[in-house]
Amino acid sequence: MKILIVDDHPMVRKGLSATLLLEEAVKEIKEATNVEEAVRMIKEEKPEISIVDLRLGREDGLDVIRISKQEGLETKFIILTSSMKKEDFMKSREFQIDGYVLKDAYAEDILYAVHTVAKGRKFFHPEISQLIDNQQEDGELEQLTPRERDVLEALGKGLSNIEIAKKLFISEHTVKKHVSSVLLKLGLTHRTQAALYAKETMYI
């Protein structure tokens, strides 16, 4: 397997090369420092996998993927980045990347990512996937009013409508209205689901 590393930092390329050479299937490693050089290397060297940094100095690493796909060049792309921003991950996925790995990942995680992508599967670093999941959950919770969040938290604690009414100093009828609203906004069908959702997202 031939791999291309695209990164503008020599130390990163050196460290990554040393890690990748631990994988028996990796026979050759090529390096590029910018978009133009990377596209040329992909065209000439035809690497099975190209590992691309999102930030190439003042250039955008995603341009390597965009141009390569426009020119019909075949290689699997793994993004290597220190960014934990949701927008960077989502934008990268729009380019149909094969992998997304954080720079502070353990060597075995990087090797596993390469091994997984080489087999035709996707690999997204668990930490970034968890971050996106948490942000999506936070976004759903933001739809709820403060009172609805109180009701959801109470559901997570297993309280009945009567107990919630007493706890929040509201009528049972009002509790039922809040529960219905919570289920509707979160796309749930019954209070048991809401209770489980509360436990998972509100750390009850």
Side-chain angles (χ1 to χ4, degrees), residues 1-139 142:
M1 186 194 310
K2 182 186 296 184
I3 294 180
L4 172 65
I5 299 172
V6 186
D7 197 296
D8 60 320
H9 293 96
M11 291 302 294
V12 173
R13 296 197 305 273
K14 183 178 179 181
L16 189 54
S17 294
T19 297
L20 293 172
L21 288 174
L22 296 174
E23 174 62 54
E24 291 183 3
V26 177
K27 302 302 180 183
E28 189 175 2
I29 295 177
K30 297 293 182 178
E31 298 180 6
T33 61
N34 56 54
V35 173
E36 182 181 358
E37 187 178 8
V39 173
R40 178 173 56 80
M41 293 287 281
I42 292 172
K43 187 179 300 182
E44 295 177 356
E45 300 293 338
K46 296 179 174 55
E48 283 84 354
I49 296 176
S50 295
I51 301 176
V52 183
D53 187 4
L54 273 183
R55 307 281 184 265
L56 298 174
R58 295 184 178 181
E59 294 184 310
D60 187 343
L62 291 177
D63 284 338
V64 175
I65 303 176
R66 178 181 58 78
I67 297 172
S68 295
K69 289 184 179 294
Q70 286 177 346
E71 297 191 9
L73 305 179
E74 293 188 4
T75 184
K76 296 181 185 301
F77 286 104
I78 295 176
I79 292 296
L80 181 69
T81 180
S82 57
S83 173
M84 288 284 286
K85 294 181 179 179
K86 176 183 177 180
E87 53 266 33
D88 284 337
F89 177 68
M90 300 307 290
K91 185 177 180 181
S92 297
R93 289 195 66 177
E94 291 177 5
F95 284 82
Q96 299 180 323
I97 57 172
D98 300 282
Y100 196 96
V101 182
L102 297 178
K103 283 189 174 182
D104 62 357
Y106 291 112
E108 52 264 35
D109 289 333
I110 296 175
L111 293 175
Y112 182 73
V114 169
H115 190 69
T116 300
V117 169
K119 286 188 173 184
R121 300 199 299 267
K122 303 285 187 182
F123 178 89
F124 299 129
H125 196 285
E127 193 171 339
I128 194 71
S129 296
Q130 184 62 47
L131 173 68
I132 301 307
D133 290 342
N134 289 342
Q135 288 179 340
Q136 289 174 338
E137 289 166 355
D138 290 343
E142 287 175 2

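Note that this is a predicted model, so its numbers are computed, not measured. Starting from 1, each residue takes its place in the sequence as its number.
Annotation: side-chain hydrogen bond (donor to acceptor under 3.5 Å, both in side chains) contacts of S83 (sequence neighbours excluded): D88. With sequence neighbours excluded, no residue forms a ring-ring contact (aromatic ring centres under 6.0 Å, His included) with F95. F77 is linked by a ring-ring contact (aromatic ring centres under 6.0 Å, His included) to nothing, counting only residues two or more places apart in sequence or in another chain. Residues that satisfy the side-chain hydrogen bond (donor to acceptor under 3.5 Å, both in side chains) test with R93, not counting sequence neighbours, are absent from this structure. Not a single side-chain hydrogen bond (donor to acceptor under 3.5 Å, both in side chains) links E59 to another residue, sequence neighbours left out. Listed by chain and residue number, nothing satisfies the side-chain hydrogen bond (donor to acceptor under 3.5 Å, both in side chains) test with S82 (two or more places apart in sequence, or in another chain).
For the side-chain contact (heavy atoms from CB on, under 4.5 Å) test with H125, the passing option among V101, T81, L80, I110 is V101; the others fail.
Taking CD from E23 and CD1 from I29, the interatomic distance works out to 10.5 Å, rounded to the nearest 0.5 Å. Residue I3 holds its CD1 atom at 9.0 Å from OG of S50, rounded to the nearest 0.5 Å. To the nearest 0.5 Å, atom CE of residue M41 and atom OG of residue S68 are 12.5 Å apart. Rounding to the nearest 0.5 Å places CZ of R55 at 8.0 Å from CG of L62. Here E24 contributes atom CD and H115 contributes atom NE2; the two are 11.0 Å apart, rounded to the nearest 0.5 Å. Between the CZ atom of F123 and the CG atom of D98 there is a distance of 13.0 Å, given to the nearest 0.5 Å.
For the pair K27 and K2, the minimum side-chain heavy-atom distance is 4.5 Å or more. Put simply, the side chain of V12 does not reach to within 4.5 Å of the side chain of I5, judged on heavy atoms. Between V64 and L56, the closest side-chain pair of non-hydrogen atoms falls below 4.5 Å. Taking the side chain as every heavy atom from C-beta outward, T116 and F124 never approach each other to under 4.5 Å. Under the 4.5 Å side-chain criterion, counting only non-hydrogen atoms from C-beta, I78 is not in contact with V52. Here the side chains of D63 and V39 are not in contact, with every heavy-atom distance at 4.5 Å or above. I49 places a side-chain heavy atom less than 4.5 Å from the side chain of I51.
Across all their heavy atoms, S92 and L54 have their closest contact at OG-CD2, 3.7 Å.
In the displayed structure, K91 atom NZ is contacted under 6.0 Å by at most 12 heavy atoms of other residues, nucleotides or ligands. Counting heavy-atom neighbours within 6.0 Å of E108 CD, excluding the residue itself, gives a total above 12. The 12-atom threshold is not exceeded at NZ of K14, counting heavy atoms of other residues, nucleotides or ligands nearer than 6.0 Å.
Proximity of a side-chain donor or acceptor of N34 to a complementary backbone N or O of E37 within less than 3.5 Å is detected. Between the D53 side chain and the V6 main chain, no donor and acceptor come within less than 3.5 Å of each other. Side chain of K76 to backbone of P47: no donor-acceptor contact under 3.5 angstrom is found. The backbone N or O of M1 sits nowhere less than 3.5 Å from a side-chain atom of E48 that would complete a donor-acceptor pair.
The residues K30 and E28 are annotated as salt-bridged, a charged nitrogen and a carboxylate oxygen being separated by less than 4.0 angstrom. Salt-bridge annotation for K103 and D7: present, with a side-chain N of the basic residue lying under 4.0 Å from a carboxylate O of the acidic one. Salt-bridge check for R40 with E44: passed, with a basic side-chain N closer than 4.0 Å to an acidic carboxylate O. A salt bridge is absent between E74 and K46; no separation between the charged side-chain nitrogens and carboxylate oxygens falls under 4.0 Å.
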For the pair E36 and I67, evaluate side-chain contact (heavy atoms from CB on, under 4.5 Å) and give the outcome as yes or no after the intermediate values.
CA-CA 9 Å; E36 182 181 358; I67 297 172; over 6 Å; no
